[in-house]
Chemist: 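Structure below; questions to follow.
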Amino acid sequence: MKVVIAGGFGVGKTTLVASISDIPPLTTEGHMTTVAAGVDDRTAVQAKTSTTVAMDFGRARLDGDIILYLFGTPGQDRFGFMWDNLVKGALGAIVLVDTRRIDDCYPAVDFFEHRQVPFIVGVNQFEGQELPPLDDVRWALDLGPTTPIVVVDARSRLSALDALLTLLMHNMSQLEARLAEIAPPPVPTRSRLIGPAPGWDRSPTGL
Amino acid sequence: MTPGGDTGRPGQPEGGDRQPSAGTWADDAPRPFLDRTLSPPPGGSDRPPTDPGGVRPYLLTGGRTTIRPDVNVETIVSVTGKSPTRQLDEEHLRLLRLAGEPLAVAELSAHLGIPIGVAMILVGDLAEAGVVRLNDASGDGSGEPTQDAALLRKVVNGVLKLREAESL
Ligand SMILES: Nc1nc2c(ncn2[C@@H]2O[C@H](COP(=O)(O)OP(=O)(O)O)[C@@H](O)[C@H]2O)c(=O)[nH]1
Ligand SMILES: [Mg+2]
């Protein structure tokens with residue numbers, strides 16, 4: 001089981017992985033230029049010019065011999081190779097946001113919405129910073145009404161675990177909605193209570 | 001599909017039906033509360049941990065760029081003890097030595113200081129040579145977001161336990 005932690009530089013990804021992981025986070029080089037080079041000429045050029053980024057890796061052993069793998073990635077990877085591999089089979093993603101540099105997380109939000117990966121937004125509060133209302137963050141990110149936004153202190157294990165739980169519960173409610181679609185329950189109003197399936201083509205919220 | 005594309009949100013490149021609200025929104029004009037500081041980001045630790053020493057990754061993989069579909073970043077690699085059915089290079093052998101204890105591909109990559117994509121290709125070679133076994137660690141084995149509510153519940157309970165232990 002794995003969870004992806006995404007967001008811009010310095011937003012607290014490594015810190016969050018460390019707060020949850022049983023081992024100190026390992027760092028690995030995220031890019032694989034040669035793979036992109038095999039795809040087509042245009043991506044090959046992109047790959048050569050793109051910066052190499054580090055990916056954090058952590059793991060936490062849960063009861064029942066389940067190991068939860070944590071991957072932190074800046075998610076600036078335009079050609080998408082590593083992102084595809086990261087989200088394959090993932091339980092979901094936590095997108096960390098520094099509201100002073102909110103557009104850093106657009107690529108991640110776009111990607112997860114597009115690929116229908118369950119995700120939540122974690123707003124990090126840095127020293128001496130006053131947070132804008134979360135509704136404003138939701139508006140700025142153009143998030144759907146069902147995508148949770150939480151304030152998280154990535155340095156606190158408790159806060160990090162709470163964010164993780166929010167993600168898992170969100171995933172669970174999406175899964176239930178999917179299962180209800182496959183086999184509609186006898187009471188027809190139930191699917192309305194669950195809410196619309198997340199889509200990236202809905203109109204902007206809060207406008 | 002590339003994540004993000006070239007423009008930020010809102011004002012998506014696709015779907016021209018999404019109009020930014022007039023006068024308040026432009027890619028280079030964030031809302032007032034989003035006033036971005038011009039100072040460099042804190043931390044900035046997302047640099048590669050190792051210098052590849054000028055060796056291009058494709059040299060490590062013999063020019064191969066294809067990753068087997070059964071190799072993912074969190075795939076668990078363990079040795080079979082069988083002798084290899086194909087010739088292995090020095091990089092392969094280094095990986096094999098580390099995999100004496102079952103480890104995720106990402107972990108092998110970090111320990112060896114090789115890019116994760118390269119590790120994925122090399123691990124695929126090892127599997128082909130019969131010297132390692134691959135175990136899908138991503139839940140129900142489908143590689144898709146899990147459809148297994150019982151499994152998800154187990155994970156939730158596991159995290160709840162961690163949380164309980166922490167708040168004591
Ligand atoms: N106040 C505060 N500081 C944080 C938080 N998360 C991370 N930091 C600090 O921000 C800096 C960058 O964090 P880091 O995890 O390296 O960011 P990364 O680049 O996303 O991996 C470090 O000095 C952290 O201690 C948070 O939730 N609150
Ligand atoms: Mg980091």
Chemist: Does a side-chain heavy-atom distance below 4.5 Å link A:Leu168 with B:Val155?
Modeler: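 Yes, side chains in contact.
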Chemist: Measuring heavy-atom distances to chain B, does A:Phe71 have an atom under 4.5 Å in its side chain, in its backbone, in both, or in neither?
Modeler: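 For A:Phe71, the side chain is the part near chain B, not the backbone.
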Chemist: Distance-only, no hydrogens or angles: does the A:Ser21 side chain make a donor-acceptor pair with backbone N or O of A:Ala18 under 3.5 Å?
Modeler: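 Checked: no pair found.
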Chemist: Please determine if A:Lys13 and A:Asp56 form a salt bridge, counting it only when a charged side-chain N lies under 4.0 Å from a carboxylate O.
Modeler: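 Not counted as a salt bridge, because no side-chain N and carboxylate O are separated by less than 4.0 Å.
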Chemist: For chain B, which of A:Asp63, A:Ile23, A:Thr15 has the most heavy-atom pairs under 4.5 Å?
Modeler: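 Ranked by contacts with chain B, first place is A:Asp63.
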Chemist: A:Ile20 versus chain B, heavy atoms under 4.5 Å apart: side chain, backbone, both or neither?
Modeler: neither
Chemist: Hey, which of B:Val71, B:Leu162, B:Leu160 has the most heavy atom pairs under 4.5 Å with chain A?
Modeler: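 The residue among B:Val71, B:Leu162, B:Leu160 with the greatest pair count is B:Leu162.
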Chemist: So for B:Lys154, is it side chain, backbone, both, or neither that comes closer than 4.5 Å to the heavy atoms of chain A?
Modeler: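 Both backbone and side chain.
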Chemist: Can you say whether B:Ala119 sits under 4.5 Å from chain A via the side chain, the backbone, both, or neither, judging by heavy atoms?
Modeler: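 Looking at B:Ala119, nothing touches chain A.
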Chemist: For chain B, which of A:Leu164, A:Leu62, A:Leu68 has the most heavy-atom pairs under 4.5 Å?
Modeler: A:Leu62
Chemist: Between A:Arg100 and A:Glu127, is there a salt bridge with N-O shorter than 4.0 Å?
Modeler: no
Chemist: Can you tell which part of A:Ile66 gets under 4.5 Å to a heavy atom of chain B, answering side chain, backbone, both or neither?
Modeler: side chain
Chemist: Between A:Gln129 and A:Thr99, do the side chains contain an N or O donor and an N or O acceptor separated by less than 3.5 Å?
Modeler: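 Indeed, the side chains of A:Gln129 and A:Thr99 share at least one donor-acceptor pair under 3.5 Å.
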Chemist: Near A:Met172 CE, under 6.0 Å, is it more than 12 heavy atoms from other residues, nucleotides or ligands?
Modeler: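 Enclosed: over 12 neighbouring heavy atoms sit under 6.0 Å from CE of A:Met172.
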